[in-house]
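Below is one structure, written out as structure tokens; comments come after it.
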Amino acid sequence: MGLHNRIKLEFLSLPVNLRLARIAVTAFASEVDYNVNDIEEIKVAVSEAVSNAIIHGYLEKPDGVITITASLWSDALEIVVEDQGKGIEDLENALQPGSGDDPERMGLGFVFMRSFMDEVEVTTEPGQSTTVRLRKRLPGEVQAQWCAEK
Ligand SMILES: Nc1ncnc2c1ncn2[C@@H]1O[C@H](COP(=O)(O)OP(=O)(O)OP(=O)(O)O)[C@@H](O)[C@H]1O
Ligand SMILES: [Mg+2]
């Protein structure tokens, strides 16, 4: 599938940057006409992935580096969130609802990401890094048009 556009954003693991991440990704996605509901879902998914990197990956230390790469493909918006933090020991368990051991947290971040996006793929190297790849299909008309151009 053809690549139409791509941005890459790198920022420190500060909660203040959550807003920036959401705005950057939704501004990027505005090239295609997702409806308001889709945009809200993309915002929540990005927020969950970035907060996980800040809170769990970097244990709220402010000097971690988070990168977001957003790509518009002929068929989907793809958002990849990467951190070089502590990684996930038991990934299968982490993906389940309520898996975290912090009673303050609901353990629903991955559940939201999976329900709001069409694909969620997590790869992790314990002690080293975590990468979350989120994909959402393009609105039908754009997809038909872009696919026809290829
Ligand atoms: N980037 C990451 N680095 C390290 N561990 C992670 C990362 N993302 C998720 N995890 C682990 O996966 C678990 C599940 O994440 P999830 O977002 O579903 O729930 P949560 O963050 O615990 O709670 P909530 O998102 O509802 O506040 C986390 O508790 C954490 O242990
Ligand atoms: Mg979370």
Side-chain angles (χ1 to χ4, degrees), residues 1 3-139 142-143:
M1 283 289 173
L3 178 64
H4 282 261
N5 197 2
R6 171 171 283 163
I7 58 160
K8 192 163 177 175
L9 183 66
E10 185 182 292
F11 53 91
L12 290 181
S13 49
L14 294 162
V16 72
N17 288 333
L18 260 175
R19 186 164 164 271
L20 173 84
R22 274 198 300 265
I23 291 172
V25 171
T26 47
F28 177 73
S30 72
E31 192 188 338
V32 291
D33 52 355
Y34 280 116
N35 64 35
V36 180
N37 186 54
D38 285 338
I39 294 286
E40 277 312 308
E41 292 181 343
I42 292 165
K43 273 188 195 164
V44 173
V46 169
S47 295
E48 292 298 332
V50 173
S51 359
N52 278 353
I54 295 174
I55 296 167
H56 305 298
Y58 292 120
L59 301 169
E60 303 188 48
K61 289 196 292 280
D63 58 349
V65 174
I66 298 170
T67 60
I68 297 184
T69 308
S71 309
L72 277 169
W73 296 92
S74 299
D75 62 337
L77 166 70
E78 179 188 68
I79 303 156
V80 179
V81 179
E82 296 175 78
D83 69 69
Q84 314 295 315
K86 80 169 168 54
I88 306 174
E89 288 287 344
D90 186 346
L91 182 56
E92 208 179 314
N93 179 56
L95 295 173
Q96 302 304 313
S99 66
D101 43 21
D102 183 343
E104 299 264 296
R105 311 212 154 271
M106 310 261 279
L108 289 178
F110 282 130
V111 175
F112 285 145
M113 288 183 243
R114 289 163 109 183
S115 70
F116 291 159
M117 303 296 277
D118 294 309
E119 264 180 63
V120 178
E121 187 188 88
V122 185
T123 49
T124 183
E125 199 67 56
Q128 285 185 26
S129 64
T130 301
T131 301
V132 178
R133 194 171 67 93
L134 308 161
R135 275 175 77 89
K136 196 174 190 70
R137 276 190 301 275
L138 296 187
V142 181
Q143 186 171 335

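The structure presented is a predicted model; accordingly, all values stated were derived computationally and were not measured. Just so you know, ligand 1 is whichever comes first in the structure, and atom 1 is the first atom listed for that ligand.
Shown here for Leu9 and Ala24, the closest heavy-atom pair between the two residues is CD2-CB, 3.7 Å. Closest non-hydrogen pair, Ala29 versus Leu77, comes out as CB-CD2, 4.0 Å. Nearest heavy atoms, Ala21 versus Val50: CB-CG2, 4.1 Å. Of all the heavy atoms in Asn93 and Ser99, the pair that sits closest is O-CB, 2.9 Å. Residues Asp83 and Gly57 come closest through the heavy atom pair OD1-CA, 4.1 Å.
Distance from atom 19 (O) of ligand 1 to its nearest protein heavy atom, with residue and atom name: Gly107 CA, 3.2 Å. Residue, atom and distance of the protein heavy atom nearest to atom 8 (N) of ligand 1 are Asn52 CB, 3.3 Å. Arg105 NH1, 3.2 Å is the protein heavy atom nearest to atom 27 (O) of ligand 1. What sits closest to atom 1 (N) of ligand 1 on the protein, heavy atoms only, is Asp83 OD2, 2.9 Å.
Here the straight-line distance linking atom CD of Gln84 with atom OG of Ser13 works out to 11.5 Å at 0.5 Å rounding. To the nearest 0.5 Å, the span separating CG on Leu14 from CG on Leu20 amounts to 11.0 Å. Rounding to the nearest 0.5 Å gives a distance of 7.0 Å between CG of Asn17 and CG of Leu12. Rounded to the nearest 0.5 angstrom, Ile55 CD1 and Asp102 CG are separated by 8.5 Å. Here CD of Glu125 is found 9.5 Å from OG1 of Thr130. Values are rounded to the nearest 0.5 Å.
Taking a cut-off of under 4.0 Å to the non-hydrogen atoms of Glu48, the atoms of ligand 1 that pass are 25 (O). Listed by atom number, the atoms of ligand 1 under 4.0 Å from Met106 heavy atoms are 26 (O). The ligand atoms of ligand 1 that sit less than 4.0 angstrom from a heavy atom of Gly87 are 4 (C), 5 (N). The distance from ligand 1 to the heavy atoms of Ser99 drops below 4.0 Å at these ligand atoms: 13 (C), 14 (C). Within ligand 1, the atoms closer than 4.0 Å to a non-hydrogen atom of Gly57 are 2 (C), 3 (N), 4 (C), numbered from 1 in the order shown. Within ligand 1, counting atoms from 1 as listed, the ones closer than 4.0 Å to a heavy atom of Ala94 are 12 (O), 13 (C), 14 (C). With ligand atoms numbered from 1 in the order given, ligand 1 contributes 1 (N) to contacts under 4.0 Å with heavy atoms of Ala53.
Remark: ligand 1 and Val111 share no N or O pair separated by less than 3.5 Å (distance only, no angle test). On a distance-only criterion, Ile88 and ligand 1 share no N/O pair closer than 3.5 Å. At under 3.5 Å, a nitrogen or oxygen of His56, whether backbone or side chain, sits near a nitrogen or oxygen of ligand 1. Taking only nitrogen or oxygen atoms, main chain and side chain alike, Asp101 does not reach within less than 3.5 Å of ligand 1. In terms of N/O distances under 3.5 Å, ligand 1 is approached by Gly109.
The shortest separation from a heavy atom of Gly85 to ligand 1 is not under 4.0 Å, leaving the residue out of contact. Not close to ligand 1: Asp102, with no non-hydrogen atom less than 4.0 angstrom away.
The shortest side-chain heavy-atom distance between Arg133 and Thr123 does not fall under the 4.5 Å cut-off. Under the 4.5 Å side-chain criterion, counting only non-hydrogen atoms from C-beta, Leu72 is in contact with Phe28. Two residues are said to be in side-chain contact when any heavy atoms from C-beta on lie closer than 4.5 Å; Glu48 and Phe116 fail this criterion.
The Mg ion (ligand 2) has an N, O or S atom of Asn52 under 2.8 Å away, backbone or side chain.
When non-hydrogen atoms are compared, ligand 1 lies under 4.0 Å from the side chain of Thr130 (C-beta onward) but not from its backbone.
Distances from atom 18 (O) of ligand 1 to the heavy atoms of Phe112, Tyr58, Phe110 show the closest one on Phe110.
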